[in-house]
Amino acid sequence: QVQLVESGGGLVQAGGSLRLSCAASGRTFSSYPMGWFRQAPGKEREFVAAISWSGATLTYTDSVKGRFTISRDNAKNTVYLEMNSLKPEDTAVYYCNADERPYTFLDFKPGGSWGQGTQVTVSS
């Protein structure tokens, strides 16, 4: 079972930037695609971005394309989410997770337990 610890959230003004980190442990990190999700108050958790096990393939939800960048460092068992040009509607708790399937990058399916998340608040 993978353990996930998110960090890097905070309060930022619209137009600002944040870099989130997710440290993973418990299984072979480099074998699994990783993804970021977010959940705003009163809304369901939604997909934000994903990265393949090698880092060669990336995918984003439309609302963050051109503003957010997902990356990973397999030597550090860590995945990152660089967020620029932040908007108030990006306010949410952000979570990471590993795909339940190794070496597969189709229709990301979260496979691990959710961590505590990290709060991102963007003021207007």
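On a predicted model such as this, the values are computed, not experimentally measured, just so you know.
Between F37 and F108, a ring centre-to-centre spacing shorter than 6.0 Å is recorded.
Between D90 and K87 there is no salt bridge, since no side-chain N of the basic residue sits under 4.0 Å from a carboxylate O of the acidic one. Using a 4.0 Å cut-off between charged nitrogen and carboxylate oxygen, K109 and E100 do not count as a salt-bridge pair.
Across Y94 and M83, no two heavy atoms sit closer than the pair CE2-SD, 3.9 Å. In this structure, L18 and V120 approach most closely via the heavy-atom pair CD1-CG1, 3.9 Å. Nearest heavy atom pair, residue V79 against residue I70, reads CG2-CG1, 4.0 Å. Minimum interatomic distance between F29 and D73 (heavy atoms only, all atoms of both residues): CE2-O, 4.1 Å. Of all the heavy atoms in V48 and F68, the pair that sits closest is CG1-CD2, 3.8 Å. Pairing each heavy atom of Y32 with each of A98, the nearest pair is CB-CB, 4.3 Å.
The CG atom of L4 lies 8.0 Å from the OG atom of S113; values are rounded to the nearest 0.5 Å. Residue N97 holds its CG atom at 8.0 Å from SG of C22, rounded to the nearest 0.5 Å. Note that the CZ atom of R67 and the OG atom of S85 stand 7.0 Å from one another [nearest 0.5 Å]. How far CE of M34 is from CG of N74: 10.0 Å, rounded to the nearest 0.5 Å. The CG atom of D99 sits 8.5 Å away from the CZ atom of F105 when rounded to the nearest 0.5 Å. Here E6 contributes atom CD and L20 contributes atom CG; the two are 9.0 Å apart, rounded to the nearest 0.5 Å.
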Q | Steps toward ring pair (Phe, Tyr, Trp, His ring centres under 6.0 Å) verdict (Y103, W53) | A | CA-CA 6 Å; Y103 302 117; W53 59 95; 5.6 Å; yes

Q: May I have the step-by-step check of side chain to side chain contact (heavy atoms under 4.5 Å, CB included) for E89 and V122, ending in yes or no?
A: CA-CA 8 Å; E89 51 263 44; V122 185; over 6 Å; no

Q) Is there a side chain to side chain contact (heavy atoms under 4.5 Å, CB included) between T118 and V93 once you walk through the steps? A) CA-CA 5 Å; T118 187; V93 179; 6.0 Å; no

(Q) Run the side chain to side chain contact (heavy atoms under 4.5 Å, CB included) test on V5 and Q3 for me, step by step, so that the C-alpha distance in whole Å, both residues' side-chain angles and the decisive distance to 0.1 Å come before the verdict. (A) CA-CA 7 Å; V5 179; Q3 287 80 45; 5.8 Å; no

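By the rule that hydrophobic residues join a cluster once side-chain heavy atoms approach within less than 4.5 Å of another member, Y60 and L86 end up as members of one cluster. Residues Y95 and L58 fall into different hydrophobic clusters, defined by Ile, Leu, Val, Met, Phe, Trp and Tyr side chains chained together at heavy-atom separations under 4.5 Å.
Tested against R38, the residues T91, L81, V64 include a single side-chain contact (heavy atoms from CB on, under 4.5 Å) partner, V64.
Geometrically, R72 does not engage Y80 in a cation-pi contact defined by less than 6.0 Å to the ring centre and at most 45° from the axis.
Remark: side-chain polar atoms of S52 are paired, donor with acceptor, to backbone N or O of T57 under 3.5 angstrom. The closest donor-acceptor contact from the side chain of T28 to the backbone of S30 lies at 3.5 Å or more, if one exists at all.
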